[in-house]
Structure formats: structure tokens, C-alpha cells
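Reading through the C-alpha cells given below for one structure.
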Amino acid sequence: MLTYYSDDHRLQDGKAELIDGRLEPCHEAPVRADIVLRHVRAAGLGEIVAPGDHGLAPIARIHAANYLGFLQTAWPKWVAEHGDYDALPLNWAVRGMRSVEPDSIDGKLSYFSFDAGTPLTAGTWQAVYASAQVALGGAAAVGGGERMAFALCRPPGHHAAGDYFGGYCFLNNAAIAAQAFRDGGAERVAVLDVDYHHGNGTQTIFDDRSDVFFASIHADPRQEYPFFLGHADETGSGAGEGATANYPLPWGTAWGGYEQALEQAVGRIGTFGAEALVISLGVDSFKDDPISRFRLEHEDFLHIGAAIAGIGLPTLIVMEGGYAVDALGVNVVNVLKGYLDAA
Ligand code: OKP
Ligand code: ZN
């Protein structure tokens with residue numbers, strides 16, 4: 001297998017996120033990708049490849065032009081207004097308020113985001129652009145005949161929608177890759193999101209589309225972030241009715257409960273008839289994850305990999321979350337090994 005990777009992920013190195021009422025060091029930090037890369041190398045899983053530059057066009061297939069413009073110009077505007085420190089939005093439009101894009105940088109930050117856990121920094125654009133390129137490099141390899149590739153994306157992407165950031169995500173790498181498969185000739189594409197958190201961005205992007213099936217297994221939004229999407233009765237809208245499947249699970253879920261949801265999701269993807277598969281791979285379902293409350297063990301990630309291989313489609317595995325840094329490499333490599341052993 002091939003692993004796609006770019007050193008530019010380091011350029012997103014935020015100082016702090018607002019979490020549980022405190023400003024704390026960012027969980028989504030460069031060390032995450034370093035550890036995963038080291039374990040992929042040590043396990044001898046194959047070559048590490050640079051993605052090349054596939055340009056802005058495949059990103060603009062998913063993200064709105066005004067949002068991409070905002071991401072590329074926000075930093076100097078923020079510095080001019082406040083100074084050379086990370087930007088965080090602070091308030092949002094809720095029921096009864098209007099969605100009119102403000103002129104000031106503080107207003108724009110709020111308009112294009114949904115939480116205060118996702119600092120925009122000097123290097124954010126370059127890092128998220130590179131992360132999207134990593135996904136596109138992997139998609140090109142799979143489109144070109146590789147059975148599976150691993151896109152070691154960082155920052156992650158699945159919380160980012162067409163025109164807003166949040167949940168450590170700015171560009172939706174998995175959605176960009178899924179669209180690249182479509183534009184490369186695949187009639188139908190499936191996205192399976194196994195991150196602990198619901199992939200609200202990906203779901204929103206493909207909600208009304210019948211050509212991209214989205215399935216997500218995640219902590220119940222009644223209990224867990226991102227709170228406002230991911231319920232079981234969300235099944236897609238318009239032409240996309242029936243092309244979304246959500247499997248919310250309670251805090252404390254261990255392999256027994258997880259496996260049942262995974263089997264159902266895999267079954268739905270099988271009947272959808274996709275020609276390519278994108279996996280949003282979060283390993284924050286691990287028992288020791290510092291911000292999550294599932295109870296998966298190291299070995300359960302082998303089973304996730306095997307289940308993905310069982311779908312039998314050309315597959316791009318895209319890195320999303322996972323914050324138990326010491327365990328991150330083992331858990332990700334277990335998914336990859338589980339896949340390779342079963343394929
Ligand atoms: C990104 B990904 C928990 C607050 C959570 C944001 C979590 C983003 C997760 N009390 N804040 O899906 O791994
Ligand atoms: Zn997550």
C-alpha cells in the first residue's frame with residue numbers, strides 16, 4: 001500500500017482551543033501525524049509518497065468560493081486588527097438571527113465557523129491546502145488502480161462543510177477525495193466515517209445527493225459534540241433521500257455495540273453499489289482517548305480494517321481524529337494491517 005503525506009501539516013500548530021470551559025493546548029497537534037508516520041514506517045507497510053499539487057480546482061468542487069477566499073486572506077486581516085496571535089471565533093448566528101456575511105474579520109470568523117476549538121493560525125491555509133492535496137494524491141492512486149491507499153491527512157476534515165470550519169477541520173479532505181472519484185469517472189461513491197464524532201461536514205455536503213452515500217458511526221449527538229447533527233433519523237434529503245445512514249451510539253460503547261453498527265453500515269454500502277470507497281478514519285473511539293467516551297481496544301482496530309476490506313471496493317483511507325497520542329500509531333496501523341490481512 002501507499003501512504004500519502006506532506007510535512008506541511010506542521011504549519012497548523014495552534015496554541016490553544018476552548019474546551020470544557022478552559023483554553024487548553026490544542027489536542028489536534030503536529031505530533032499526531034509524526035507518530036502515525038513513524039508507526040507506518042516501522043510496520044513496513046509500504047512507501048511514503050508526497051502528493052504532488054492537484055491545485056485548487058478539486059477543492060473548489062466542494063467548498064464555496066467566498067469561504068476559500070476567506071481562508072486565504074483571514075490571517076493578515078486578523079493580525080492587522082488584533083496582533084500576531086491565533087484567531088478564534090467567539091459567537092454565532094442562532095435561531096432568529098441572520099446569515100449576512102459581516103465585513104470585519106471578527107464577524108467573518110464567526111460567519112465561516114461553528115465552534116471555538118479550531119484556531120486559525122499563520123500557517124492554517126498552507127497546512128489545510130496540503131492536507132487536501134494528500135487526500136487528492138491518495139484518490140489519484142486509487143483511481144489509477146491501487147486497491148487501497150492511506151492519506152495521512154492533518155488537519156482533519158470531516159467537520160468542515162462547504163462554507164464553514166470547526167472541530168479542528170477547515171477543508172473536508174474526505175469529501176474532496178470522494179468528489180475526485182466522481183470526477184474521475186466513478187458513478188457512485190461511498191463514504192464511511194468511523195471517527196468517534198459525527199461527520200457533520202461530510203453529511204451536509206452530500207445530504208441532497210444520490211451519487212454519494214454517507215454512513216457514520218459515532219457518539220450520539222444527544223450527548224456528544226458536534227451535538228446538532230448525526231441522529232438516526234437523518235437519512236438524506238431531496239434526491240439524496242436514503243443515501244445517508246447514521247449510527248449514533250451511547251457513551252461507553254465497546255466493541256460489541258460498535259461491531260453491530262459497523263456490520264449494518266457495511267451492509268448498506270454493499271447494496272448502494274459504489275465503485276469507490278472513502279473511509280474517514282478517526283481512532284478517537286479508543287478507550288483512552290482524552291476527549292472521547294467509547295471503549296475500543298487496540299485489537300478492535302484490526303477488526304475495523306478487516307470489515308472495511310470486506311466491502312471489497314477500491315478504498316482511500318483518510319486520517320481524521322484520534323488524540324491518545326501514545327496509542328495513535330498503533331491504532332491506525334492496526335486498521336491498515338487489519339485491512340491488508342483481510343484483502
Ligand atoms: C475532531 B475530530 C469535547 C469538546 C470537543 C471538538 C472536538 C473535535 C473533534 N468536550 N471539541 O472529529 O476528531
Ligand atoms: Zn473525532
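All values reported here derive from a predicted model rather than from experimental measurement. Values below: all heavy atoms of this structure, side chains included; hydrogens, waters and symmetry mates excluded. Each ligand, and each atom within it, is numbered from 1 in the order the structure gives.
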Inset, instruction - Look at atom 4 (C) of ligand 1 and find which of V283, D115, I19, D195 reaches it with the closest heavy atom. - result: I19
Please write down residue, atom name and distance for the protein heavy atom closest to [atom].
{"atom": "atom 10 (N) of ligand 1", "result": "D20 OD1, 2.9 Å"}
{"atom": "atom 13 (O) of ligand 1", "result": "Y323 OH, 2.5 Å"}
{"atom": "atom 8 (C) of ligand 1", "result": "Y168 CE1, 3.6 Å"}

Legend entry - Stepwise side chain to side chain donor-acceptor pair (under 3.5 Å) test for T244 and E234: CA-CA 7 Å; T244 293; E234 295 160 18; over 6 Å; no
Inset, instruction - May I ask whether H158 places a heavy atom under 4.0 Å from ligand 1? - result: yes
Inset, instruction - Could you tell me if any non-hydrogen atom of E320 lies under 4.0 Å from any atom of ligand 1? - result: no
Inset, instruction - Quick one: report the N, O or S atom of D195 that is nearest to the Zn ion (ligand 2). - result: OD1
Legend entry - Closest D284 atom to the Zn ion (ligand 2) [N, O or S only]: OD2
Inset, instruction - Indicate yes or no for a side-chain donor-acceptor contact from S113 to the backbone of L109 under 3.5 Å, with no hydrogens or angles considered. - result: yes
Legend entry - Q12 side chain to P155 backbone, donor-acceptor under 3.5 Å: no
Inset, instruction - Decide if the gap between the ring center of H198 and the ring center of Y225 is smaller than 6.0 angstrom. - result: no
Inset, instruction - Using distance alone, determine whether H159 and ligand 1 share an N or O pair under 3.5 Å. - result: yes
Legend entry - ligand 1 to E17 polar contact by distance, N or O atoms, under 3.5 Å: no
Inset, instruction - Select one of side chain, backbone, both or neither to describe which atoms of H27 lie under 4.0 Å from any atom of ligand 1, heavy atoms only. - result: neither
Inset, instruction - Decide whether I48 and L2 are clustered together by the hydrophobic rule: side chain heavy atoms of Ile, Leu, Val, Met, Phe, Trp, Tyr closer than 4.5 Å, transitively. - result: no
Legend entry - Ring geometry between F170 and F165 (parallel below 30°, tilted from 30 to 60°, perpendicular above 60°): parallel
Legend entry - Aromatic plane relationship, Y67 with H63 - under 30° parallel, 30 to 60° tilted, over 60° perpendicular: tilted
Inset, instruction - Give a yes or no on whether H197 keeps an N, O or S atom under 2.8 Å from the Zn ion (ligand 2). - result: yes
Inset, instruction - Report yes if the side chains of L23 and L88 come closer than 4.5 Å at any heavy-atom pair, otherwise no. - result: yes
Inset, instruction - Report the residue from E28, M319, H197 that forms a side chain to side chain contact (heavy atoms under 4.5 Å, CB included) with P156. - result: E28
Inset, instruction - Find all atoms of ligand 1 within a distance of less than 4.0 Å from any non-hydrogen atom belonging to D284, and give their numbers and elements. - result: 13 (O)
